[in-house]
Amino acid sequence: MPRLRRIAWAESGRGPCAADGGAGRGGRGSPPGSSSTAEQGREAGAPPLRRGSRGCAEAAAGGEGEPPLLRGIFRIGEKSCDVVLSAKRLSWTPIQPESPTGGSSTDLQCKEEHVEMKDVFSVKLKRRRSAGQQKGGLLLGITLFVCLKKDQNKLKDSVLNLSNLSEDHCHLWFKYFKDILNGFSSRPKSLKVFVNPYSHRREAVHIYYDQVAPLFKVADIRTDLIVTEYEGHALAMLKECDLKSFHGVVCVGGDGTANEVARGILLRAQIDAGRDNDDILEPVKAQIPLGIIPAGSTNILAHTLHGVQHIPTATLNIIMGHLQSVDICSFSSPTKLLRFGFSAMFGFGSRTLAFAEKHRWMPSDQRKIFAVIKTLASLKPEDCELSFLPLMRSQQTAQENDRKKQQRLKSDSQDQWDSIQGHFLNVSIMAIPCLCSMAPRGLAPNTRLNDGSLALIVVRNTSRPEFVKHLKRYTSIKNQFSFPFVETYTVEEVKVKPRTKKECVSEENMDSAEESCPWNIDGDLMECTSEILVRVHPALICLYGGNADTVDNPKGS
């Protein structure tokens, strides 16, 4: 953001010293003190409305029928403009000079431009300061920082300079701008930030300081930064710390980091509610939202949430307070809760991850390709039994659904469950679509972020060439499930019970793939037990991100 570094702002008392010559000249060309309420606009120098100019009339009214709060003159770019502020919109129209006959110098209608106030995330007083000067300086005007939507679901930040040299003029407008921005209650003012310094190519710290922190600073967001020192550090901190003074939690890393922080937030909510964390049938909803900055070797969660893997987009969604309720799963053994997660794979997907984890010394991209090739070379099915509770879609009310769910949990009846068994090359259980660069439609394109369902995708034993064809389909727009050995189900719960009698061993003691029973949960390796119950919990956590409609139809990264 090179333009941001050229501007110094009065209220912050910091920022590099620079002179914006164009803005300064624009300020001198604007009449001082030409801002007031709508009733005082003409007395303060605002131009009278020209009859027959519908665009100017709408500008004076603030646009879309909104009553104006302020009206005055600023120089925007190279033109003096009649500027009108309403609660929802800032609009401006270039002032047309009059001809000698008293009419407008052009027969064209004045062209109104505007910016929605919901797209503005910060406002600063812009001043010119000499080298070493920390406060004061020549007032140049006001700078608005705006969030704009680009193509492919991407967001970018932009600036709008309103030039005027009048202190009273600018301070009055600045106050109104601040009051409007303070009215957006979902926008965070204080964030707890976790950065995983070991993510991907150890770039997460640089990504935060170079791309994320400057935008947080512009948006006046206070941050408490923790650079994690070991796996599980963020989880331990979240289980112990008090989050009441923060409006949100942000993690900078990959899917494993995001999963760890999400687990910590949810476990913190259970602790605050006095719940037993070892056996939670219906966990308490997280009380604080999570923002995910993609900086890992895999960024499926961030890609799915924003519809694109793009650091500025993820950062701006946090700043703008764009919240999305998201389903999440609990993974339980017969005796206790093991963890939370958004997606899981058992079989090929988990064995590939286990192999990759044993070769962490390799570069990320090479390690993933190498792990896939080696796992394909030793491809073998898992002998297990799958029991699942199909999702009963109907027009029932939420209260009816909750009542029936509670009855089902109490009775624990097996009559509604279906069961399949056999040899499976891969089993995927996903509460979200799981978009990524290799699967633009998603690993589970038939589910959504918050529809209260799980996608159960079962790949039965088949030949290696046929299985490779299935994997290649994920990279195209073709249906990756149109194979006779692939079965898909929409469910609420899944029980996975390996039929082998071998005990699972830890990752450190895995001498061969045949002895391991790993699970891949959001890119994080977990040892399995003899049986695992996976249950979806609708809208259990809020994440900062785009809406579901945007994510449902991704255009790419």
Side-chain angles (χ1 to χ4, degrees), residues 1-5 7 12 15 118-124 143-160 181 184 186-197 199-200 203-228 234 246-255 257-258 261-262 265 288-296 298-324 326 435 541-547 550-551 554 557:
M1 295 172 55
R3 284 177 296 179
L4 305 188
R5 298 189 180 97
I7 300 172
S12 66
K118 65 180 178 62
D119 296 328
V120 177
F121 64 89
S122 186
V123 58
K124 305 288 184 182
T143 297
L144 298 180
F145 295 85
V146 186
C147 175
L148 300 179
K149 186 173 182 179
K150 301 169 61 178
D151 57 352
Q152 299 181 348
N153 300 314
K154 292 182 180 179
L155 302 178
K156 69 173 184 178
D157 62 288
S158 183
V159 295
L160 176 65
L181 296 185
F184 295 109
S186 65
R187 297 184 181 181
K189 293 299 180 185
S190 179
L191 295 171
K192 193 169 190 67
V193 182
F194 292 93
V195 178
N196 181 357
S199 287
H200 197 26
E203 295 175 342
V205 174
H206 297 293
I207 286 173
Y208 175 75
Y209 281 112
D210 294 343
Q211 300 185 55
V212 181
L215 283 171
F216 283 169
K217 182 178 179 181
V218 167
D220 297 322
I221 295 177
R222 301 182 302 276
T223 57
D224 179 20
L225 176 65
I226 296 178
V227 178
T228 58
F246 299 98
H247 298 136
V249 176
V250 173
C251 65
V252 185
D255 289 327
T257 304
V261 175
I265 292 174
I288 191 168
L290 169 64
I292 303 172
I293 306 295
T298 61
N299 301 289
I300 290 177
L301 285 174
H303 197 148
T304 304
L305 190 62
H306 308 298
V308 67
Q309 184 176 313
H310 189 234
I311 293 168
T313 296
T315 306
L316 287 169
N317 272 317
I318 296 170
I319 291 172
M320 301 300 290
H322 295 160
L323 292 175
Q324 175 68 53
V326 179
L435 276 64
I541 190 170
C542 277
L543 304 181
Y544 288 109
N547 59 54
T550 300
V551 174
S557 59

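Bear in mind the structure is a predicted one, so any value in this text is a computation, not a measurement.
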Heavy-atom side-chain contact between Thr257 and Val252 under 4.5 Å:
no

Provide the closest heavy-atom pair for Ile319 versus Ala219 in the form atom of the first, atom of the second, distance.
CG2-CB, 3.7 Å

Within the 4.5 Å heavy-atom criterion, are Asn153 and His310 side-chain neighbours or not?
no

Which atoms form the tightest heavy-atom contact between Ser199 and Gly296, and what is the distance?
CB-CA, 4.2 Å

Mind running side-chain contact (heavy atoms from CB on, under 4.5 Å) on Leu181 and Arg187 for me, showing each step along the way?
CA-CA 9 Å; Leu181 296 185; Arg187 297 184 181 181; 3.9 Å; yes

Approximate separation, where rounding is to 0.5 Å, of Gln309 CD and Thr304 OG1
10.0 Å

Heavy-atom distance under 4.5 Å between the side chains of Leu316 and Phe121, does that happen here?
yes

Without swapping roles, check the side chain of Ser122 against the backbone of Val218 for a donor-acceptor pair under 3.5 Å.
yes

Mind running side-chain contact (heavy atoms from CB on, under 4.5 Å) on Thr315 and Asp157 for me, showing each step along the way?
CA-CA 10 Å; Thr315 306; Asp157 62 288; over 6 Å; no

Would you indicate whether the side-chain heavy atoms of Leu225 and Tyr208 approach each other to under 4.5 Å?
yes

So, for Met320 and Lys118, which heavy atoms are closest and what is the spacing to 0.1 Å?
CE-O, 2.9 Å

What distance do Leu435 atom CG and Asn299 atom CG have between them, rounded to the nearest 0.5 Å?
12.5 Å

For the atom pair CD1 (Ile311) and CD (Gln211), what is the distance rounded to the nearest 0.5 Å?
4.0 Å

Using atom types as modelled and distance alone, determine if a side-chain donor or acceptor of Thr223 lies under 3.5 Å from a backbone N or O of Leu191.
no

Close side-chain approach of Asp220 and Lys124, heavy atoms under 4.5 Å:
yes

With side-chain contact (heavy atoms from CB on, under 4.5 Å) as the criterion, how do Ile318 and Phe216 come out once you've worked through the C-alpha distance, each side chain's angles and the decisive distance to 0.1 Å?
CA-CA 9 Å; Ile318 296 170; Phe216 283 169; 4.2 Å; yes

How close do Leu155 and Lys149 get, counting heavy atoms only, and between which atoms?
CD2-CA, 3.9 Å

Would the distance check show the side chain of Asp255 and the main-chain N or O of Ile300 forming a donor-acceptor pair, the cut-off being under 3.5 Å?
yes

I'd like to know whether OH of Tyr209 has more than 12 heavy-atom contacts from other residues, nucleotides or ligands below 6.0 angstrom.
no

Please identify which of these residues, Pro289, Pro188, Ser186, meets the side chain to side chain contact (heavy atoms under 4.5 Å, CB included) condition with His247.
Pro188

Side-chain heavy atoms of Lys154 within contact of Pro312, under 4.5 Å
no

Is there a donor-acceptor contact under 3.5 Å from the side chain of Asn317 to the main chain of Ala314?
no

Looking only at heavy atoms, what is the nearest atom pair of Phe194 and Ala234, with distance?
CD2-CB, 3.7 Å

Looking at Lys189, I'd like to know if its NZ atom is crowded, meaning that more than 12 non-hydrogen atoms belonging to other residues, nucleotides or ligands lie closer than 6.0 Å.
yes

Side-chain contact test, heavy atoms from C-beta onward, threshold under 4.5 Å: evaluate it for Asp119 versus Leu148 and give yes or no.
no

Evaluation steps, side-chain contact (heavy atoms from CB on, under 4.5 Å), between Ile226 and Lys192:
CA-CA 8 Å; Ile226 296 178; Lys192 193 169 190 67; 3.6 Å; yes

Validation row: Tyr544, Leu305 side chains within 4.5 angstrom (heavy atoms):
no

